[in-house]
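No hydrogens, no waters, no symmetry mates; every other heavy atom, side chains included, goes into these values. Everything numeric here is computed off the predicted structure, so don't read it as measured data.
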Amino acid sequence: MRHLMIQGQVQGVAFRANARMEAERLGLCGWVRNRSNGCVEALVAGPCAAVESFVAWARRGPALARVDHVEISSGAAPEHAEFVTLPTL
């Protein structure tokens with residue numbers, strides 16, 4: 001499980017929608033949401049190789065995004081069996 005705080009130009013560029021599609025493609029569960037400070041936050045869980053593939057994707061983001069930094073830490077188990085988009089916090 002990985003908890004990500006993604007900084008840069010990551011809101012208003014379909015980052016969450018693309019993150020959800022990528023997580024679903026990789027068979028991951030967890031969530032993604034915007035933060036009021038301009039970051040995108042995500043929690044991903046699943047097979048190690050799939051989680052690392054998601055982290056690599058998050059460092060690039062979708063085409064319109066500009067990712068400056070990704071802070072990665074261990075995360076708690078997600079409450080959802082699928083990957084969902086949560087409201088902004």
Side-chain angles (χ1 to χ4, degrees):
M1 285 174 281
R2 292 286 183 256
H3 178 256
L4 293 85
M5 293 294 284
I6 305 150
Q7 301 171 351
Q9 185 167 343
V10 293
Q11 291 188 12
V13 295
F15 200 102
R16 291 175 299 158
N18 281 275
R20 185 174 179 176
M21 287 188 291
E22 184 67 9
E24 290 172 349
R25 184 185 75 76
L26 293 167
L28 298 172
C29 61
W31 50 261
V32 64
R33 67 178 165 204
N34 284 341
R35 298 290 303 237
S36 59
N37 65 359
C39 293
V40 169
E41 179 180 21
L43 178 70
V44 294
C48 259
V51 169
E52 292 309 314
S53 290
F54 183 90
V55 169
W57 174 88
R59 290 184 171 151
R60 295 183 312 273
L64 297 176
R66 186 194 77 244
V67 177
D68 295 333
H69 178 71
V70 180
E71 182 180 317
I72 303 166
S73 58
S74 296
E79 298 175 10
H80 308 283
E82 65 279 346
F83 197 88
V84 299
T85 301
L86 298 179
T88 299
L89 181 62

Checking Q7 side chain against V70 main chain: does a donor-acceptor pair fall under 3.5 Å? no
How about P78 and M1: do any of their side-chain heavy atoms sit closer than 4.5 Å? yes
Which heavy atom in L43 sits nearest to a heavy atom in A76, and how many Å separate them? CD2-O, 3.2 Å
Considering only heavy atoms from C-beta outward, does the side chain of V40 approach that of Q11 to under 4.5 Å? yes
To the nearest 0.5 Å, what is the distance between CZ (F54) and CG (L4)? 6.5 Å
Could you measure the distance from the CG atom of D68 to the CD1 atom of I6? Nearest 0.5 Å is fine. 12.0 Å
With distance as the sole test, does Q9 use its side chain to make a donor-acceptor pair with the main-chain N or O of L64 at under 3.5 Å? no
Side chains of E52 and R2: closer than 4.5 Å at any heavy-atom pair? yes
How close do T88 and R35 get, counting heavy atoms only, and between which atoms? CG2-C, 4.1 Å
Please check if I72 and V10 belong to a single hydrophobic cluster, counting links between Ile, Leu, Val, Met, Phe, Trp and Tyr side chain heavy atoms closer than 4.5 Å. yes
CZ of R20 to CG of L28, rounded to nearest 0.5 Å, is 13.0 Å
Just verifying a value: how many Å separate T85 OG1 and R33 CZ, rounded to the nearest 0.5 Å? 11.5 Å
What's the shortest heavy-atom distance between E22 and R25, and which atoms? OE2-NH2, 2.8 Å
Value rounded to 0.5 Å, distance of CE in M5 from OG in S73: 9.0 Å
Quick one, L26 and F83 - any side-chain contact, counting heavy atoms below 4.5 Å? no
Heavy-atom closest pair (F15 atom, G61 atom, distance to 0.1 Å) is CE1-CA, 3.6 Å
Hey, what do you get for CG (N18) to CZ (R60), rounding to the nearest 0.5 Å? 11.5 Å
Do side-chain atoms of R59 reach the backbone of V55 as a donor and acceptor pair under 3.5 angstrom? no
Angle class for the H3/W31 ring planes (parallel below 30°, perpendicular above 60°, tilted otherwise)? perpendicular
